[in-house]
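For clarity, every value in this text was computed on a predicted model and none was experimentally measured.
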Amino acid sequence: MSVEFGFFLETVISGLMAGVMYALVALGFVLIFKASGIFNFAQGVMCLFAALTFVGVQEKLGLPVWLALPAAAGVMILLAWLIERLILRHLVNQDPIILFMATIGLAYVLEGLGDVLWGSDVKPLDIGLPQGASDYLLDNYNLYVEKLEVVAAIIASILVAVLALFFQKTRVGRALRAVADDHQAALSVGISLNTIWVVVWSVAGIVALVAGIMWGSKSGVQFSLSLIALKALPVLILGGFTSIPGAIVGGLIIGVGEKVAEVYMGPFVGGAVENWFAYMLALAFLLVRPQGLFGEKIIERV
């Protein structure tokens with residue numbers, strides 16, 4: 001393997017690893033949007049709050065990892081119930097912009113609550129994931145790939161696969177798809193919108209917990225963690241706001257694209273391509289295919 005091709009392959013693999021993580025964050029947006037038509041602006045802050053809670057119960061309550069994880073998951077499920085009871089239930093049949101503004105308010109509430117409960121310092125997060133380069137890839141293929149990125153990508157892939165099966169094969173999943181297609185029809189056959197919303201927000205909370213732990217393991221749990229939601233927006237635009245496969249494919253495209261662009265375009269434009277490449281690609285998609293790769297094309301009679 002030539003040095004140039006090996007370096008290119010390292011870049012692509014690193015992009016795929018990051019893309020899986022972007023897809024995991026975007027998945028939370030897709031689940032909530034499919035079930036309720038709400039674009040949840042607070043999803044990134046939910047990742048932050050979940051990671052803060054996970055670290056906080058370890059530090060303040062002295063819980064080991066295997067107890068802190070279900071404790072943090074329980075907090076996110078309780079949060080989902082409170083969101084449905086205190087916010088969504090009172091905004092049924094309101095305009096989408098009102099629901100969107102409600103999630104913006106929710107984002108600031110969760111960010112402030114996380115600061116009050118757990119503090120604003122950067123918190124190291126170590127759950128025993130391997131660190132350093134993968135010896136197997138380095139020794140056999142001369143490729144430098146971080147073990148942490150590989151493990152995080154595997155965990156994220158397993159979670160995405162489990163969720164896809166859950167929503168395709170289970171009764172709750174079929175109910176979710178019915179609600180996504182038509183709220184009134186779902187109500188007419190006895191499906192409880194309130195229950196579905198709690199389930200979906202709970203699942204989105206657990207997805208946020210996993211994403212927050214994975215990202216926190218890489219760079220520590222800090223309040224800038226909530227900004228990863230901004231990178232999920234181009235993923236959604238590419239894949240489509242209502243498509244789980246779209247979130248996966250969009251994440252991989254963004255992950256690989258920004259890494260390759262940073263390495264090969266960066267030297268010619270002064271660097272920092274990784275910061276804006278995803279948004280420029282999303283803008284191009286909006287001009288050519290606004291519904292995304294897997295989104296439904298809306299045709300209206302005028």
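- Shortest non-hydrogen contact noted between Leu63 and Ala71 is CD1-CB, 4.3 Å.
- Between Leu281 and Ile253, some side-chain heavy-atom pair lies under the 4.5 Å cut-off.
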Quiz prompt | Residues Phe7, Val263; criterion side-chain contact (heavy atoms from CB on, under 4.5 Å); working and verdict | solution = CA-CA 10 Å; Phe7 180 67; Val263 170; 3.3 Å; yes
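- Residues Val273 and Gly266 approach most closely at CG2-CA, 3.7 Å, considering heavy atoms.
- Residues in residues 200-217 take part in no side-chain hydrogen bond (donor to acceptor under 3.5 Å, both in side chains) pair, two or more places apart or across chains.
- Taking CD from Gln43 and CD1 from Ile32, the interatomic distance works out to 5.0 Å, rounded to the nearest 0.5 Å.
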Practice problem: Could you go through the side-chain contact (heavy atoms from CB on, under 4.5 Å) check for Val151 and Met17 one step at a time? | Solution: CA-CA 9 Å; Val151 173; Met17 302 297 103; over 6 Å; no
Identify each donor-acceptor pair in which a side-chain atom of residues 157-166 lies under 3.5 Å from a protein atom, sequence neighbours left out, and give them as a table.
from, atom 1, to, atom 2, distance (Å)
Ser157, OG, Ala153, O, 2.7

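- For residues 12-27, the set of pairs meeting the salt bridge (charged side-chain N to carboxylate O under 4.0 Å, His left out) definition, not counting sequence neighbours, is empty.
- Remark: Val75 pairs with Phe49, Thr53 by the side-chain contact (heavy atoms from CB on, under 4.5 Å) rule, at least two apart or across chains.
- The heavy-atom pair separating Ser14 from Glu149 by the smallest distance is OG-OE1, 3.9 Å.
- For residues 16-29, no residue pair satisfies the salt bridge (charged side-chain N to carboxylate O under 4.0 Å, His left out) rule, not counting sequence neighbours.
- Expressed to the nearest 0.5 Å, how far CD1 of Ile98 lies from CG of Leu91 amounts to 7.5 Å.
- Glu111 CD to Leu52 CG: the interatomic distance, rounded to the nearest 0.5 Å, is 9.5 Å.
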Quiz item: Would Ile155 and Leu24 count as a side-chain contact (heavy atoms from CB on, under 4.5 Å) if you check the C-alpha gap in whole Å, the side-chain angles of each, and the deciding distance to 0.1 Å?
Solution: CA-CA 10 Å; Ile155 293 174; Leu24 186 60; over 6 Å; no
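- Applying the side-chain hydrogen bond (donor to acceptor under 3.5 Å, both in side chains) test to every pair with at least one member in residues 56-70, sequence neighbours left out, gives no pairs at all.
- Residues Phe39 and Phe29 form a side-chain contact, since some pair of their non-hydrogen atoms from C-beta on lies under 4.5 Å apart.
- Ile97 and Leu106 fall within the same hydrophobic cluster, defined by Ile, Leu, Val, Met, Phe, Trp and Tyr side-chain heavy atoms under 4.5 Å apart, directly or through other members.
- For the atom pair CG of Leu236 and CD1 of Ile254, the computed distance is 10.0 Å after rounding to the nearest 0.5 Å.
- Every pair passing side-chain hydrogen bond (donor to acceptor under 3.5 Å, both in side chains) that includes a residue from residues 245-270 is listed here, sequence neighbours excluded: Tyr22-Glu258, Lys231-Glu258, Lys259-Glu274.
- Side-chain atoms of Asn40 come within 3.5 Å of backbone atoms of Ala42 as a donor-acceptor pair (strictly under, hydrogens ignored).
- Here OG of Ser243 is found 11.5 Å from CD of Gln291. Values are rounded to the nearest 0.5 Å.
- Val210 and Val65 fall within the same hydrophobic cluster, defined by Ile, Leu, Val, Met, Phe, Trp and Tyr side-chain heavy atoms under 4.5 Å apart, directly or through other members.
- One hydrophobic cluster, built from ILVMFWY side chains closer than 4.5 Å, cannot hold both Val109 and Leu48; they sit in different ones.
- A chain of hydrophobic side-chain contacts below 4.5 Å, direct or via other Ile, Leu, Val, Met, Phe, Trp or Tyr residues, connects Leu61 to Ile127.
- Between Ala50 and Ala72, the closest heavy-atom pair is O-CB, 4.4 Å.
- Other members of the hydrophobic cluster containing Ile206, listed by chain and number, are Ile77; membership follows side-chain contacts under 4.5 Å among ILVMFWY residues, whether direct or relayed.
- Taking CZ from Phe54 and CG from Leu209, the interatomic distance works out to 7.5 Å, rounded to the nearest 0.5 Å.
- A search for side-chain contact (heavy atoms from CB on, under 4.5 Å) contacts involving Val122 returns Gln222, not counting sequence neighbours.
- Shown here are the salt bridge (Lys or Arg N to Asp or Glu O under 4.0 Å) partners of Arg89, two or more places apart in sequence or in another chain: Glu84.
- The ring pair (Phe, Tyr, Trp, His ring centres under 6.0 Å) search around Phe285 returns none, not counting sequence neighbours.
- Val57 is connected to Leu67 through a chain of hydrophobic side-chain contacts under 4.5 Å among Ile, Leu, Val, Met, Phe, Trp and Tyr, so both are in one cluster.
- Remark: Pro267 engages no residue in a side-chain contact (heavy atoms from CB on, under 4.5 Å) (not counting sequence neighbours).
- Lys123 is listed as a side-chain neighbour of Trp118, based on a closest heavy-atom distance under 4.5 Å.
- A distance-only check finds a donor-acceptor pair linking the side chain of Thr103 to the backbone of Phe100 [under 3.5 Å].
- Here the side chains of Ile87 and Leu99 are not in contact, with every heavy-atom distance at 4.5 Å or above.
- In this structure, Ala156 and Val20 approach most closely via the heavy-atom pair CB-CG1, 3.3 Å.
- Between Arg85 and Leu82 there is no side-chain heavy-atom pair separated by less than 4.5 Å.
- Closest approach of Val30 to Gly240, counting heavy atoms only: CG2-O, 4.4 Å.
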